[in-house]
Trainee: 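Here it is, the structure in full.
These figures come from a predicted structure and were not determined experimentally. What you see below is based on every heavy atom in this structure, not just the backbone, and it leaves out hydrogens, waters and symmetry mates.
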Amino acid sequence: MHVTAVCLRRGFWGRSIDEFQRLTTIIFNSEGIKGPSGPLPLQSFHDRSSLDDVKVMSDVDIDGFSQAQLDYIPPVTTTASTTSSSTTPPSSASSSIIAAASVPGHMRFHGTISTRLPENRPNVTHSGYAAWRTLDRPPTLFGRSLWNIDSYSYLGLRVKSDGRSYLVNIQTESIVPEDLHQHRLFARRPGEWETVHIKWNDFVRTNHGYVVEPQTEMLRQKVRSIGIGLTDRKPGPFDLCIERMWATNNPEAEIDADVHLVPETARPKLKNKQGQTISWA
C-alpha cells in the first residue's frame with residue numbers, strides 16, 4: 001500500500017485528530033439525543049490566514065469587467081477617556097473613565113460592478129456579478145470534511161454591509177453540483193456592524209440564478225461551502241465586511257443591541273424561469 005500525497009500534506013493528521021475529538025464530544029454529550037450544546041462555528045476571519053480558506057469570483061471569468069477582491073482588516077481597538085472636572089483639588093488624583101470599543105479582525109469583500117459585455121464573447125448576454133465562497137474543506141482520516149448543520153435552525157452572520165442586495169449561497173453535496181440554496185442578506189443598518197440570523201428552512205434552491213422546481217430540502221448533513229454574492233447587476237462600487245458565520249439554535253441568547261431576525265413581510269420575491277413570483281419560504 002502506498003501513502004497518498006493527501007495523507008502526507010502538513011496538517012492532515014491534525015485535522016483528523018480535531019475531527020475525532022469533535023465526534024467524541026458529540027457522543028459523550030449525547031448531542032444526537034439531546035441536541036447540540038452550543039453554536040457551531042462555520043467560518044471566522046479573525047486572522048489573516050483565514051483568507052486562504054476562501055476564493056473570489058466575478059464576471060472576469062467570462063471576460064467581464066467587474067472587479068472584486070478580498071482584504072484582511074486587522075482588529076482595531078479605540079479608547080476614549082473622560083477626566084474629572086477642573087474643580088478637583090490638586091492634592092487628589094484626577095479620576096478618569098476609559099471606554100474601549102474593539103472591532104475583531106475581519107474580511108472585506110469589495111470592488112466595482114460593471115455590466116459591460118465582452119466584445120469577443122457574443123454568447124455572453126449578461127454580466128455584472130461578484131461573489132466569494134469558502135473552499136472545499138481538506139480531507140481527514142474520516143473522509144471528506146463537510147459541515148453537518150442538521151441539528152441547527154439558524155445561520156448566524158456578523159457583517160457590515162453597504163446596503164446592496166447580497167445573497168447568501170449554500171452549496172451541498174447534491175446530485176446537481178451547480179445547485180445553490182440562496183437567501184437575501186438583509187442588512188438593517190448599512191455602514192454599521194450587525195448580526196443577522198436566517199432560518200435554514202428559508203433558503204431557496206436555485207440553479208444559475210433561477211428557482212428550481214420542484215423545491216427540495218437542503219442536504220443539511222453535507223454542506224460543502226458557504227459564500228456571499230452580489231448579482232443585482234447594478235453598476236457601481238460595493239463593500240461588505242464579514243467577521244464570522246455560525247450555526248445556532250438560540251438566536252435570542254445571542255441578541256445584543258443589533259441582532260435581528262428576518263421578518264416575513266420584509267422578504268422580496270423570487271421568480272422562476274417562467275417569470276412567476278415565488279416567496280422565500
Side-chain angles (χ1 to χ4, degrees), residues 6 9-12 14-16 18-19 22 36 39-61 66 68-73 104-111 129-140 142-152 154-161 166-174 176-185 187 195-200 202-209 218-231 238-248:
V6 172
R9 289 177 185 172
R10 184 180 179 183
F12 174 81
R15 293 192 304 270
S16 299
D18 290 342
E19 181 67 7
R22 185 186 71 84
L40 172 66
L42 299 177
Q43 182 70 46
S44 69
F45 300 100
H46 293 164
D47 57 82
R48 190 177 301 275
S49 62
S50 61
L51 265 63
D52 297 334
D53 299 329
V54 296
K55 65 176 295 186
V56 66
M57 303 163 287
S58 71
D59 56 30
V60 171
D61 300 331
S66 296
Q69 66 184 74
L70 303 175
D71 293 332
Y72 172 72
I73 309 299
H106 57 275
M107 181 180 74
R108 182 187 177 205
F109 173 53
H110 65 104
Y129 69 86
W132 65 268
R133 74 169 182 89
T134 58
L135 297 174
D136 292 346
R137 302 174 70 197
T140 69
F142 301 92
R144 186 170 185 173
S145 296
L146 298 168
W147 285 302
N148 183 352
I149 49 90
D150 194 38
S151 301
Y152 298 89
Y154 295 88
L155 168 66
L157 305 99
R158 184 71 175 168
V159 298
K160 183 174 71 172
S161 173
Y166 296 93
L167 287 172
V168 180
N169 304 317
I170 308 295
Q171 187 178 25
T172 66
E173 287 283 86
S174 62
V176 183
E178 294 81 12
D179 278 357
L180 291 177
H181 288 81
Q182 297 184 306
H183 197 287
R184 269 285 306 277
L185 178 61
T195 304
V196 180
H197 289 101
I198 305 173
K199 289 183 178 180
W200 291 110
D202 288 349
F203 278 84
V204 176
R205 180 184 168 212
T206 65
N207 189 292
H208 295 289
M218 184 189 304
L219 190 59
R220 297 190 186 187
Q221 299 89 349
K222 296 183 178 181
V223 174
R224 180 178 172 183
S225 70
I226 302 176
I228 297 177
L230 182 60
T231 59
F238 65 90
D239 199 323
L240 176 71
C241 294
I242 310 98
E243 179 205 332
R244 59 191 176 96
M245 303 180 292
W246 66 97
T248 183

Trainee: Are the side chains of V204 and H181 in touch, meaning some heavy atoms are under 4.5 Å apart?
Mentor: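 Heavy-atom side-chain distance check fails, nothing below 4.5 Å.
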
Trainee: The criterion is salt bridge (charged side-chain N to carboxylate O under 4.0 Å, His left out); which residues satisfy it with R244, sequence neighbours excluded?
Mentor: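 With neighbours one apart ignored, the set is empty.
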
Trainee: Report yes or no: do T134 and Q43 form a side-chain donor-acceptor pair below 3.5 Å?
Mentor: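 No donor-acceptor contact under 3.5 Å links the two side chains.
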
Trainee: Taking the side chain as everything from C-beta on, heavy atoms only, tell me whether R158 gets closer than 4.5 Å to I242.
Mentor: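 No; the side chains remain at least 4.5 Å from each other.
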
Trainee: Strictly by modelled atom types, are H110 and D71 linked by a side-chain donor-acceptor pair under 3.5 Å?
Mentor: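 Checked: H110/D71 side chains pair up, N/O donor to acceptor below 3.5 Å.
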
Trainee: Any chance the side chains of S66 and D59 put a donor and an acceptor closer than 3.5 Å?
Mentor: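 Yes - a donor-acceptor pair under 3.5 Å links their side chains.
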
Trainee: Side chains of M57 and K55: does their closest heavy-atom pair fall under 4.5 Å?
Mentor: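 They are in side-chain contact.
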
Trainee: My understanding is that only residues two or more places apart in sequence, or in another chain, count here; which of them pass ring-ring contact (aromatic ring centres under 6.0 Å, His included) with Y166?
Mentor: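 Y166 satisfies ring-ring contact (aromatic ring centres under 6.0 Å, His included) with no residue once adjacent residues are dropped.
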
Trainee: Would you check if R108 and D239 make a side-chain contact, meaning some heavy-atom pair closer than 4.5 Å?
Mentor: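 Contact flag for R108/D239 side chains = yes.
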
Trainee: Taking the six-membered ring for Trp and the full ring for Phe, Tyr or His, determine whether the centres of H183 and F203 are under 6.0 Å apart.
Mentor: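 Aromatic pair counts; centres sit under 6.0 Å.
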
Trainee: A side-chain contact here means heavy atoms from C-beta on lying under 4.5 Å apart; do V56 and Q69 qualify?
Mentor: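 No. Closest side-chain heavy atoms not under 4.5 Å.
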
Trainee: Determine, step by step, whether E178 and H208 satisfy the side-chain hydrogen bond (donor to acceptor under 3.5 Å, both in side chains) criterion, reporting the C-alpha distance in whole Å, the side-chain angles of both residues, the deciding distance to 0.1 Å, and the verdict.
Mentor: CA-CA 7 Å; E178 294 81 12; H208 295 289; 5.6 Å; no

